[in-house]
Structure formats: structure tokens, C-alpha cells
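Here's the structure we're looking at; comments come further down.
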Protein chains: 2
Amino acid sequence: MKANFVSKKIVLALVSTVLTTSAMAQQQAKKASSPKLTMADVLKASQASDWRSLNPDNTLYLELEKGRVVIELAPEFAPKNVANIKMLVKEGYFDGLAIIRSHDNYVAQWGDPSEKREFKNASKKVDAEFTVKYKQTDTFTRLPDVDGYAPQVGHVNGFAAGRDPKSRTTWLTHCYGAIGVARGNDIDSGNGGSLYAVTGHAPRNLDRNITVVGRVMHGIELLSSLPRGTGALGFYEKPEERTPIKTVRLAADVPEAERSKLEVFRTDTSSFKALVEAQRNRAGDWYKFAANHIELCNVPVPVRLVK
Amino acid sequence: MKANFVSKKIVLALVSTVLTTSAMAQQQAKKASSPKLTMADVLKASQASDWRSLNPDNTLYLELEKGRVVIELAPEFAPKNVANIKMLVKEGYFDGLAIIRSHDNYVAQWGDPSEKREFKNASKKVDAEFTVKYKQTDTFTRLPDVDGYAPQVGHVNGFAAGRDPKSRTTWLTHCYGAIGVARGNDIDSGNGGSLYAVTGHAPRNLDRNITVVGRVMHGIELLSSLPRGTGALGFYEKPEERTPIKTVRLAADVPEAERSKLEVFRTDTSSFKALVEAQRNRAGDWYKFAANHIELCNVPVPVRLVK
């Protein structure tokens, strides 16, 4: 008897261009009667104006042996911390340091394992920027979906963010790929000399407890697939287990020909709203039950390589 | 100027036994006035009766070159699929197969890349068990927290689950480490011959769309840290990129001396409720803002090795 192989092409398919024709009546009833778009449809129909380039003045290249991790900084959410990180980068602080921690389902973290490297012009202490004030006029594409960690959630300039209308504060959330400033118990004890990237299920409990400065736009798999550290909290126990950092550079300081040509899907457009809706209730033959919901950290903000 | 190194021991500390004395008044006001427990406190105070052993008849050992992945099956949620998987295991179906897919922030999947291996007694088609009926008397430790994907969420026998009281159905959720039965577009096209483990942010949109049969109890890092596949959907493009599976065995068929001695924290106890509360509003010096919320897939269900 031949094995019933479940084909690669259809297993757990994420996208499809075909309208569902599920035979399951009660589930079909939950689906809209008009043809629905998949994320692939939305992206295919997108215009040049639906995408934006990364600003090289706010883009970092973390260079590892296996490739480049591209990080977009969000100075509008953490101006002091971003400025200090950029100063550290300009000083060459990170060059030759290492990824010192890989904690399964949590974070990868880098910094100075020797604890000896000096700061030149960068500050040793930087004010906490766990939240910042927002103006009513600031762009915020709010998700209609309920969220347990924040009164409001949505996207600002491509970043997943929370908002509290009472205090008029906003903050970047700890979704997959978020970059944060490691700190000790004092709120101003972080300075950007040690950063982490979220590589597991979103630890939203960290929101408003630590300064988030941006997110990984490309190359997250170079961090998320690192062997896990076997020490406490996922720190590597032996120096040779660490992944060396060749350099961290600001994209603006890299010759244009060597820059990663990335574009990110804008989050202040009707196309983005269509994309969110496509993910909230998936079209296609595969999905039988429509969630009619999307959790903030499951909203994709696509990034593409351009020529 | 000496660098302000953020010590390993305090950076992003997850647990602490000290009550917070944060100076930030508005945040302190959000914290309870009585000493609060950390997860470490709860675990330290736990009794033998707070833990249970795994049933060897429902435990699988997925043996890879680098170690063993221990999977607990949940026949109460997917009796037919679990029975078929156990039959496949007994037939030696998985021995010598491979992990064929590693999709960043999503799943690792294994099965037969050749599509040629035969089923002996196991069935090629198994009924979908996306949800099952529950009885009002079934144990369910409900989380008080809001959830966008299910009317109710909580834990059943250590498994994170959703519930719909209207239809009296329950299902296992796609939290980190969940094991599901890959399928094609037909709901009964899965049979357990290809399984996946969630290795990223919980894809809860899959809930009620596919049969979940259990979860990884130990060794998830052997799956989550695999190099990502560069083909579509994270499939490996070259056979040599795949990770070979030595064997998959039922624990009951493994000599007792070779079994993993694991205990899992029970989820039907007051200790578990204390643990959830400890995670909902973290104690310790590090946390400054109390979330007063926990999302289902952030609730830990601890597993320990015993002698």
C-alpha cells in the first residue's frame, strides 16, 4: 500500500489565490460571501507607493560570518537610546564583540563578554524610554482586535506598537524580531552596549519595562537558529560557543553598492489594511475555520529585496 | 572610561525572590501591597503532588543525532490521530526519515521526503479532529484573561487549550512546541505520517484548522535551532540539508533505564494558579510595570528532569 504522502506544496500552505469552497456548511457560513484576497493577492496588487525604503541613517547592519542582519531603528520611540546606539556603532564599539546568549523561545543577545571594552563618546547611562508621548495627529493604524497587554495596538511606521489613550503614551511591543536595550534593575542602566532580539513567542510582559529601539528587517534567521546557550538564561558557557560579530555599521556609512536594497510594506495605507484583513480571515482552500481575529504579533509587515 | 557592562546575571532577569521597591510611584501603585511570589518561589514551594509523570504509552521519543525530543501525546483531544501515529511508530515508519522543513518563526516538520515509504497497518486517511466535544465535568483550568482566538482558554492535563461553550467543543492551541498533523486541503488528508512542531510565535490562526496531537516536553531546541530551509515555506532544497531521524519510539517500548525521567507541573492545582499569577504580574526588582495579564501561550507549564 502506497503511503499517503502529504505534498510539500499543500501542507500548511500559507497563501492561495483560490476562493475557498469548503463543503463544511457551518464554517462556510462564517466566511464572507464575496471573493476574499489572500496576502499574496494583496502583495501582488500592491503599487510602488505601498512600499518605502529604509532610511540609511536609521538602519544598522550587524555582520556575522553567515551573513547580515538588517535592523531598522525607531528614533521616534526611543530618541536617546537610538542616538547612543548610533554613537556606539560609529565608535566601532560592537566590532569584534559576540552574540553571548541564545535563549530558546525568548531572545538572542549580544554585547561585550569581557566587560572591558570602553565607551568613547557614548553614554554609560541613558534615560529609560519604555514609553513615549504621542500626539493625536501621529499616524497610527489601529488594529480592531482585542489585546490583553495594551488598551490599543496597531502599527506606526511599520512597527508594532501599543497605546494608552489615558496617558497618551505609546511604545514598541516585543513581537518577533523586536530589538531591545538590555538593562539591569535600574531603569536607566541600559545604554545600548548590549542589545537583544526577540526570537520566540512574543514576551509582551516586557512591554513598557524596557526600551525597544527597532526591529530586525532581514536576516532574523541568523539569530533565531543559533544553537541555544546551556548556561542560565541561555548564556553561552564557553567563549568558543559565541558567534563573533564582525562589525556593526550604520547603513549610511556603508558604500551604497554594498547596502541591502530593502523595501518595507507601509503600514499607513489601505493596502496594509487589506493585508491585515487577509490574515485575519484567510482565504484559500486550506483554511476551514475563519479566526475573525489577528493578534498584533501575527500581523506580517512584509519586507522585500529590490534590485 | 570603563564601559557600563550590563551583567549577565541581571540582564532581562526572569525571576527574583525580592519584592519590588520601584521608586516609580505610578507603577508601584499598580503592584500589590503584599509580598508577591515569583515563578521560582512557586516551584521551590511545590510538593511532589504538584507534579506528574508522563504516561509512557502516550510519550514519543524522536531521536536525532544531537539528542532526544520528548513529545507527549494527548489522546483525549485527538484519539484517532494519536492512535494512528502510535501505529506508525510501532511500524517503524519514521525510522530513517528526516526533518524536511524548518520555517523561521513558524514550524519544523518531518516526514518522508521520498514519498515512497509504505504504511503497513496504519491508515492513510484519518478523520479530522480539529475540535472535540467536552463534558462539563472535564478538568479545565480556565485563564481569566481575554483571548482573541477563542471564547475561553486555559489548560487541560498540561496542554494549552481553547473552548467554545456554545458548541461545547475544545481544542489544543498552537502554542510554542505544539505538535500537529500536517494535511492537504481535504480535512481528512492528514494521517500523522508528517508532523510539525511550532517553533515560533504561536500561529493561532491554525487553531481548529488542523489536528493538534500533543506537545514537545523536552528538547524543543533541537528543532527550533535547526538551520532554516531556503525553499518555499522553509522546506530544505537539498537532501543533505535535512536532519535525519534515527528513530521514533513509544516510551513504553523503550527499556525503562533508557527513558527520559521527566515530570510535568500539573495544571489542575492551586500551585499552578499561583504560578500563572506570578507570571501575570511579575515580582522582583526588575519589573517596573505590571502587565496584569498573561496570554495563553506565555503561560509556562514547567517540566523537570528527575533522578
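Lettering follows sequence order; numbering is per chain, from 1. Just so it is clear, the structure is predicted and the values come from calculations on it, not from any experiment.
- No other option in B:Gly180, B:Ala291, B:Ala150, B:Ala202 has as many heavy-atom pairs under 4.5 Å with chain A as B:Ala202.
- Proximity of A:His201 to B:Glu295: side-chain heavy atoms (C-beta onward) are separated by under 4.5 Å at one or more points.
- Here CG of B:Asp147 is found 10.5 Å from CG of A:Asp147. Values are rounded to the nearest 0.5 Å.
- The main-chain N or O of A:Trp286 is found under 3.5 Å from a side-chain atom of B:Arg183 such that the two form a donor-acceptor pair.
- Contact of A:Tyr149 with chain B is made through backbone and side chain together, with heavy-atom distances under 4.5 Å.
- A distance-only check finds a donor-acceptor pair linking the side chain of B:Asn209 to the backbone of A:Phe289 [under 3.5 Å].
- Interface residue A:Asp207: only backbone heavy atoms are found under 4.5 Å from chain B.
- Under the side chain to side chain contact (heavy atoms under 4.5 Å, CB included) criterion, B:Asp127 pairs with B:Lys80, not counting sequence neighbours.
- A:Lys288 contributes no side-chain N or O that, together with a main-chain N or O of B:Ile210, makes up a donor-acceptor pair within less than 3.5 Å.
- The shortest heavy-atom contact between A:Ser225 and B:Pro227 is CB-CA, 4.4 Å.
- Separating the CZ atom in B:Arg280 from the CG atom in A:Asn205 is a distance of 12.5 Å, to the nearest 0.5 Å.
- Both the backbone and the side chain of B:Asn298 come within contact range of chain A, each with at least one heavy atom under 4.5 Å from a heavy atom of that chain.
- A:Asp145 does not touch chain B: none of its heavy atoms, backbone or side chain, sits under 4.5 Å away.
- Heavy-atom distances place no part of B:Ala232 under 4.5 Å from chain A, backbone and side chain included.
- Listed by sequence position, B:Ile220, B:Glu221, B:Ser224 are the residues of residues 217-224 of chain B in contact with chain A, using a 4.5 angstrom heavy-atom cutoff.
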